[in-house]
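Let me begin by presenting the structure, written as structure tokens, before commenting on it.
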2 protein chains.
Amino acid sequence: MNTLSYGLLSLLAQSSFSGYDLMLRIQPFWPAKHSQIYPLLAKLEQGDYISVELVTQRDKPDKKVYSLTGKGRDALKDWFDQPTADPALRDEMMLKVFCMSYAKPASARKMLADRLAFHEEQRKKYESKLVELKARADWPAAGLPKPSHPLFGAYLLTHKAIMSNETNTEWCRWALSLLPAED
Amino acid sequence: MNTLSYGLLSLLAQSSFSGYDLMLRIQPFWPAKHSQIYPLLAKLEQGDYISVELVTQRDKPDKKVYSLTGKGRDALKDWFDQPTADPALRDEMMLKVFCMSYAKPASARKMLADRLAFHEEQRKKYESKLVELKARADWPAAGLPKPSHPLFGAYLLTHKAIMSNETNTEWCRWALSLLPAED
DNA sequence: TTTATATATGTAAATATAGACATATAGAAC
DNA sequence: GTTCTATATGTCTATATTTACATATATAAA
């Protein structure tokens, strides 16, 4: 049971999902390819942490929908009380920034402009997600969601993503403002 | 030549470092253990991207100091013009937040409080680094550093780290404010 | 009709990363 | 003197992760 396994269980605590869905949804927090997800789901199912159900679809290929079992729920609760690893960020851009004085000004500007666009796009994505979340969750219009609500975690994380992307956007703009506008 | 290799070259573009130093300095941008760094440095030296010099020390064990070669410098410049991978964040805490409605309130509070302390500590660390950097770099007291300055990249990255840690601190406080103060 | 894309699931091989094992020097604390 | 920590370098094994290979269905576009 590694971190990715617990991550899959964590997503399944909110709702049942297919392997494909889980793969898409876990990306922002723990990037993983489908080739890593599918074998893990098979193991988790063998270990009785999750159960499977084949769902036939008309407009799309059939899928396997996974659900958390009682044993999975227990594993999740135990996991929560264990020490949490520090976040690990791997960013090629930051490594490039180190030797930016070596780069052609045009290259540096392009790199930062690309990253700026990335963060602006991400921010939009998560703001849509927040609207969608509010519609689904129907917590008090004026008030705040309660920690007991199943979507409370998703609400916190969506806000976190928006805040991070705003800050990173701001940094990109600032960095670009320090570079000469032309070669 | 993977990303970590370029990262090591990137650090060596600023100044010569020992393997141990490189290992410590690359952590914030590309976490790696010494067991990964040392063999890579041997490969890079074999490939003539870097050169080694044995330096004897009185107060500490002797060390190997690596320097960027002409070939290394060229590789670095080529790398800069290649497309940059998106940042990859892996954070166990975020996965735990998903299923926070399942956790004991005390566990959730502790997790967020620990993370808050982590970001506050990191912020202090990078603020000290910024002071140190300004002392070393001696750019115009009132003005801003020039992109051609060897420490320009480090200056940008230190600011980025401070900004990110501030935002994450703010998020932790906000999340804690939504949780009940007692069980 | 062929082509592309999204959905959907799987395996095999290569690479990257972490953890354990190993050794050694010097300073500080006890 | 013993123990702990930081510095310093290395290897070996296990695990995690990516890339490539494989297949299939349904929709939309060209």
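The model shown is predicted, which means the values in this text are computed figures rather than measured ones. In what follows, chains are A, B, ... by sequence order, proteins preceding strands, each numbered from 1. No hydrogens, no waters, no symmetry mates; every other heavy atom, side chains included, goes into these values.
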Does a donor on one side chain sit under 3.5 Å from an acceptor on the other, for Thr84(A) and Lys96(B)?
yes
For dT19(D), does the base pair up with any side-chain atom of Ser35(A) as donor and acceptor (N or O, under 3.5 Å, distance only)?
yes
Given dT17(C), dA24(D), dA6(D), which nucleotide is nearest the side-chain atoms of Pro61(A)?
dA24(D)
Distance, rounded to the nearest Å, where Lys33(A) contributes NZ and dA16(C) contributes P:
14 Å
Between the OG atom in Ser16(B) and the CG atom in Leu68(B), the distance rounded to the nearest 0.5 Å is 8.5 Å
5'-most contact on DNA chain D: Leu4(A) or Asp59(A), nearest heavy atom basis?
Leu4(A)
Side chain of His34(B) only, please: which of dG10(C), dT11(D), dT18(D) is the nearest?
dT11(D)
Which nucleotide wins on minimum distance to the side chain of Tyr38(B), given the candidates dA6(C), dT9(D), dA18(C)?
dT9(D)
Donor-acceptor pair between Thr56(A) and Asp62(A) side chains, under 3.5 angstrom:
no
Take atom CG of Asn2(A) and atom P of dA18(C), then tell me their distance rounded to the nearest Å.
13 Å
Given atom CD1 of Ile37(B) and atom P of dA8(D), what is their separation to the nearest angstrom?
15 Å
Take atom CE of Met23(B) and atom P of dA16(C), then tell me their distance rounded to the nearest Å.
20 Å
Is the gap between the ring centers of Trp174(B) and His159(A) under 6.0 Å?
yes
Can you identify which nucleotide, out of dA6(C), dA16(C), dT9(D), has its nearest atom closest to the Tyr20(B) side chain?
dT9(D)
Taking CD in Gln27(A) as the centre, count heavy atoms belonging to other residues, nucleotides or ligands within less than 6.0 Å. Is the count above 12?
yes
Would you mind classifying the nucleic acid contact of Lys60(B) as base, sugar-phosphate or nothing, using non-hydrogen atoms under 4.0 angstrom?
sugar-phosphate
So what does Ala32(A) hit on the nucleic acid, given a heavy-atom distance under 4.0 Å: a base, only sugar-phosphate, or nothing?
sugar-phosphate
Choose from dA8(C), dT11(C), dT18(D) the nucleotide whose nearest atom is closest to any side-chain atom of Gln36(A).
dT18(D)
Find which nucleotide of DNA chain C each of Gly19(A) and Arg90(A) is nearest to by heavy atoms, and output the residue with the more 5' nucleotide.
Gly19(A)
Selection from dA8(C), dA18(C), dT11(C) that lies nearest to any side-chain heavy atom of Pro39(A):
dT11(C)
Where each residue is assigned the nucleotide of DNA chain D containing its nearest heavy atom, which of Lys43(A) and Gln57(A) is assigned the position nearer the 5′ end?
Lys43(A)
Can you tell me the distance, in whole Å, between the CD atom of Gln27(A) and the C1' atom of dT18(D)?
12 Å
